[in-house]
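We number each residue from 1, following the sequence as shown.
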Amino acid sequence: MDRLQLYLAPLRGFTDYIYRNTFAEHFDGFDGALAPFIPTVTTDRFKPSHFKDVLPDNNSTIPIVPQIISNQPDDFINLAVRLGDLGYTSVNWNLGCPFPMVAKKQRGSGLLPYPEKIDAFLEKTVASIPNRLSIKTRLGRRKINDIFELMPIFNRYPLAEIIIHPRTGKQMYDGRPDLDTFEQCLELSVHRVVYNGDITDLKTFHDVFDRFEDIDGWMIGRGVVSNPFLPTIIKADQDDITHKAEKFRQFYEDLFERYRQSFSGPGHLLNKMKGFWTYFSKSFQNSRKIAKKVHRTQKMHRYMEIVDRFFAEDAQWKD
Ligand SMILES: Cc1cc2nc3c(=O)[nH]c(=O)nc-3n(C[C@H](O)[C@H](O)[C@H](O)COP(=O)(O)O)c2cc1C
């Protein structure tokens with residue numbers, strides 16, 4: 001599995017620099033990460049907090065590519081230039097975000113039904129930014145057909161790569177990735193294509209890897225937050241890792257401590273950790289039980305007791 005490249009997918013609210021750095025201290029297997037999206041603003045006076053997640057000082061472990069969400073070429077150019085000043089030679093354009101609040105404003109997957117707007121956006125930005133541009137997309141907003149209009153447009157620009165999550169925006173995460181349509185995109189694209197979607201274990205990886213032999217880039221999100229050993233397992237093409245629950249616990253404790261230090265109040269921290277346990281729980285036996293317990297908790301000290309007891313008494317890795 002030498003030639004394959006694995007990338008951590010952007011999961012806003014999860015795979016921030018604290019997560020990425022803690023991950024890199026405990027696990028390996030990733031060649032890079034796409035950082036969660038940064039929205040553009042209509043001024044070129046950005047606050048430092050806008051960039052915190054992508055500041056080079058915060059990203060010395062896993063190499064990242066920053067991602068921008070926008071439908072305004074000028075704002076995009078401003079932000080890309082700033083990211084270029086920070087040293088980023090590539091930036092990524094988010095054309096996949098399915099959330100209605102975003103999509104309704106013709107951003108993320110909401111822009112996919114408007115090929116002429118995408119074309120005009122690329123025409124203006126590609127020539128004006130100091131970075132190479134890659135795109136992360138879905139197949140369409142409501143219909144998979146959007147992508148067939150877009151591939152010829154993408155082909156006309158010197159893009160670094162296209163990352164495709166083969167669902168529509170409307171689907172959110174329902175149903176299965178549409179591998180037949182993905183295959184057609186692969187045939188149509190002159191650019192490097194990276195596959196992304198629903199890789200959760202060695203079997204689901206092989207289901208796509210064995211079918212798309214020419215692909216050398218694979219991006220994984222939720223599957224890794226649930227099972228952080230996955231990139232190592234995929235690279236080794238086998239799972240001989242022992243004491244997973246204990247190793248995971250050490251990772252969890254570092255992660256929790258770093259978030260504890262970075263949040264001002266216990267409410268935010270608790271919500272953050274509840275979000276993580278939606279994914280963490282999936283790797284353990286009786287996952288629903290621990291997920292439920294954590295989600296019902298309203299108090300930080302109770303949350304800590306529940307998780308401590310879980311690791312001490314119940315935590316059995318599911319494999
Ligand atoms: C909570 C959450 C946040 C996400 N945030 C982003 C984001 O900031 N940028 C992006 O391109 N995709 C985002 N995605 C989509 C993922 O990067 C990825 O495309 C999707 O989860 C499918 O891959 P997976 O099955 O490996 O998770 C997000 C997904 C989730 C579930």
Report the relative orientation of the aromatic rings in Tyr279 and Phe14; use parallel for angles under 30°, tilted for 30 to 60°, perpendicular for over 60°. perpendicular
Glu246: which residues meet the side-chain hydrogen bond (donor to acceptor under 3.5 Å, both in side chains) condition with it, sequence neighbours left out? Gln250
Between the side chains of Thr204 and Asp207, is a donor N or O closer than 3.5 angstrom to an acceptor N or O? no
Name the residue from Thr61, Asn59, Thr15 that meets the side-chain hydrogen bond (donor to acceptor under 3.5 Å, both in side chains) definition with Arg20. Asn59
Will you find, in the side chains of Lys136 and Gln67, an N or O donor that is under 3.5 Å from an N or O acceptor? no
Can you label the angle between the Phe30 ring and the Phe23 ring as parallel, tilted or perpendicular, going by 30° and 60°? tilted
Decide whether a cation-pi geometry holds between Arg12 and Phe37; the criteria are a distance under 6.0 Å from NZ or CZ to the six-membered ring centre and an angle within 45° of the ring axis. yes
Do the charged groups of Asp178 and Arg138 touch, with an N to O distance under 4.0 Å? no
Does NZ or CZ of Arg249 lie under 6.0 Å from the centre of the six-membered ring of Phe256, at an angle within 45° of the ring axis? no
Describe, in one word, how the ring planes of Tyr252 and Tyr303 are oriented to each other, choosing from parallel (under 30°), tilted (30 to 60°) and perpendicular (over 60°). tilted
Classify the ring geometry of Trp277 against Phe310: parallel below 30°, tilted from 30° to 60°, perpendicular beyond 60°. perpendicular
Kindly assign one of parallel, tilted or perpendicular to the pair Tyr259 and Phe263, based on the angle between their ring planes and the thresholds 30° and 60°. tilted
Checking Tyr157 against Asp119: is there a side-chain donor and acceptor pair closer than 3.5 Å? yes
